[in-house]
Amino acid sequence: MAYLEIKDFYKTFGNKEVLKGISFSVEKGEVVSIIGSSGSGKTTLLRCMNFLETPDNGEMVLDGETLFNAEKDKKTKEKELRKKRLNFGLVFQSFNLFPQYNVTDNITLAPLLQLKERCKKDKTVNFAEEKQKIVDEAEKLLEKTGLTDKKNDYPCVLSGGQQQRVAIARALALKPKILCFDEPTSALDPELTGEVLKVIRSLKGEDRTMIIVTHEMGFAKNVSDKVVFMAKGVIEEEGEPKELFENPKSEKLKAFLAGINNKEGE
C-alpha cells in the first residue's frame, strides 16, 4: 500500500467542474511534482488534500489511515479538520507570514499554541522545558534555511526569497508527514527563485515526502521521483521525470511542453 493514496477526487465550484476524478499515489520519502497550465486544477487538488476545500467525492488514505471519505466526512467539524491538517504542511505562493511577528515568532507560533493545548489536557507537561525545545528546533530550521541572522527581523524587511524560506521553516516546525508546496517561486523575482529551490532540494536529501505544484520544469525534472501532468481537471499523464519530459505520450502534454520551450526560446 502506498504512503498516500488519493482516490477519485471530484470538486465543483458552482457550475464549473475543477477536479474530474483525480487518483494518484505517493510513496514515503517520494517527491512528486504536479505540473500543468493555469486552470488545470493543481492548486484546488492541493487545497483539497490539505482540508482547505472539501472534495465532492473521493477518498484520501495516509499511512493506512483514511483521512477523508466523501460519503462520511463532508460535515466534519472544524476542530477535527484542524487535527487532520497537521498531517500536511502547506507552503503558499504568497508566503502568508504574520507581519506583526518576527521570524522566530512566525515559526514558533503554531507549535506553541499546540503546546498550550497539551498543557491544558495534561498538567504533567512542563511548559518551560517544552517551549525551549520548540525554540531550539526553530533555531535549527533557521540554520537549515540560511536565515539564522534574520531570526529577529520582521517580514517587511525581508526579500521575497527570505520570506518564502521562513514559510518553509514554519511548515517544517509542525513536523508534517507530507510537505506540500503551491508554486513556491511564482511570486519571486528570477534571481530569488534559486535560493528557495535550493532549500527545497536540500529537504529531499532528508527523505521527506513532498508534493510540489510548480511551473519550474527544470526543477521538476531534476528533483522529482515522479511527475504528474494535469489538464482540465484530470491527470493526463504521470511517470518518471526523464520519460515524461523527453518522451511524452499525451498530445496535451506535448503541446504544454512545446509552449514552455517556446517561451524559453528553446
Side-chain angles (χ1 to χ4, degrees), residues 1-14 16-28 30-34 36 39-98 106-107 109-118 121 164 167-184 186 200 203 208-214 228 230 233-235:
M1 179 183 292
Y3 189 56
L4 173 71
E5 292 182 278
I6 303 296
K7 304 176 182 179
D8 221 22
F9 265 17
Y10 283 81
K11 181 64 181 177
T12 300
F13 295 100
K16 184 175 177 59
E17 193 175 27
V18 179
L19 301 181
K20 306 173 184 178
I22 297 291
S23 298
F24 71 99
S25 63
V26 181
E27 300 296 334
K28 191 169 186 177
E30 193 172 42
V31 178
V32 175
S33 288
I34 302 176
S40 59
K42 306 184 303 296
T43 292
T44 297
L45 172 60
L46 215 56
R47 289 178 63 84
C48 285
M49 290 168 52
N50 282 268
F51 297 95
L52 298 175
E53 301 286 354
T54 303
D56 301 318
N57 287 293
E59 184 179 6
M60 178 166 63
V61 180
L62 175 60
D63 200 13
E65 176 187 359
T66 299
L67 289 185
F68 177 80
N69 184 308
E71 294 183 2
K72 304 175 183 177
D73 298 332
K74 284 187 177 180
K75 296 183 179 180
T76 305
K77 293 181 179 179
E78 182 60 30
K79 183 178 181 181
E80 183 63 24
L81 285 177
R82 286 198 299 269
K83 182 179 178 182
K84 290 183 177 184
R85 284 185 192 121
L86 293 175
N87 290 287
F88 299 87
L90 178 57
V91 178
F92 299 89
Q93 55 185 287
S94 54
F95 322 139
N96 288 7
L97 300 179
F98 295 107
N106 262 282
I107 295 170
L109 178 63
L112 286 174
L113 289 173
Q114 285 185 330
L115 175 58
K116 290 177 181 178
E117 287 296 316
R118 281 177 56 204
K121 296 176 182 178
Q164 191 61 296
I168 293 171
R170 181 178 61 179
L172 290 169
L174 288 170
K175 297 180 172 60
K177 291 184 176 180
I178 295 182
L179 189 59
C180 301
F181 296 87
D182 184 13
E183 298 196 2
S186 66
I200 298 173
L203 297 176
R208 293 184 185 274
T209 308
M210 295 189 282
I211 298 174
I212 307 169
V213 169
T214 183
V228 173
M230 289 182 62
V234 301
I235 293 177

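Just so it is clear, the model here is predicted, and its values are computed rather than measured. Any value given below was found using the heavy atoms of this structure, including those in side chains, with hydrogens, waters and symmetry copies removed. Each residue takes its place number in the sequence, starting with 1.
- For the pair S25 (side chain) and E5 (backbone), a donor-acceptor distance under 3.5 Å is absent.
- Judged by distance alone, the side chain of R85 and the main-chain N or O of F51 form a donor-acceptor pair under 3.5 Å.
- Taken from CD1 in I212 to CG in D182, the straight-line distance is 11.5 Å, to the nearest 0.5 Å.
- I200 places none of its side-chain heavy atoms less than 4.5 Å from the side chain of V91.
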Worked check of side-chain contact (heavy atoms from CB on, under 4.5 Å) between F181 and L46: CA-CA 8 Å; F181 296 87; L46 215 56; 5.9 Å; no
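- Side-chain contact between K79 and K83 is absent, with no heavy-atom pair separated by less than 4.5 Å.
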From CA spacing to verdict: side-chain contact (heavy atoms from CB on, under 4.5 Å), M49, I178: CA-CA 10 Å; M49 290 168 52; I178 295 182; 5.5 Å; no
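- Under the 4.5 Å side-chain criterion, counting only non-hydrogen atoms from C-beta, R208 is in contact with L172.
- Here CD of E53 is found 11.5 Å from CG of L45. Values are rounded to the nearest 0.5 Å.
- Residues Y3 and L62 meet the side-chain proximity criterion, which asks for heavy atoms closer than 4.5 Å.
- A donor-acceptor pair under 3.5 Å is formed between the side chain of Q164 and the backbone N or O of F92.
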Derivation of the side-chain contact (heavy atoms from CB on, under 4.5 Å) call for L179 and L203: CA-CA 10 Å; L179 189 59; L203 297 176; 3.7 Å; yes
Check against side-chain contact (heavy atoms from CB on, under 4.5 Å), K84 and F68: CA-CA 9 Å; K84 290 183 177 184; F68 177 80; 5.5 Å; no
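- A donor-acceptor pair is defined here as one N or O able to donate and one able to accept, closer than 3.5 Å; such a pair exists between the side chain of D56 and the backbone of T12.
- When the options L67, D63, I211 are evaluated for a side-chain contact (heavy atoms from CB on, under 4.5 Å) with L4, the one that passes is I211.
- Of the inter-residue distances, the one linking T44 atom OG1 with L52 atom CG reads 11.0 Å to the nearest 0.5 angstrom.
- L19 has its side chain within reach of M230: a pair of non-hydrogen atoms, C-beta onward, lies under 4.5 Å apart.
- Between the side chain of E59 and the main chain of T66, no donor-acceptor pair closer than 3.5 Å is present.
- Remark: N57 CG to K20 NZ distance equals 15.0 Å, nearest 0.5 Å.
- Between T209 and K177 there is no side-chain heavy-atom pair separated by less than 4.5 Å.
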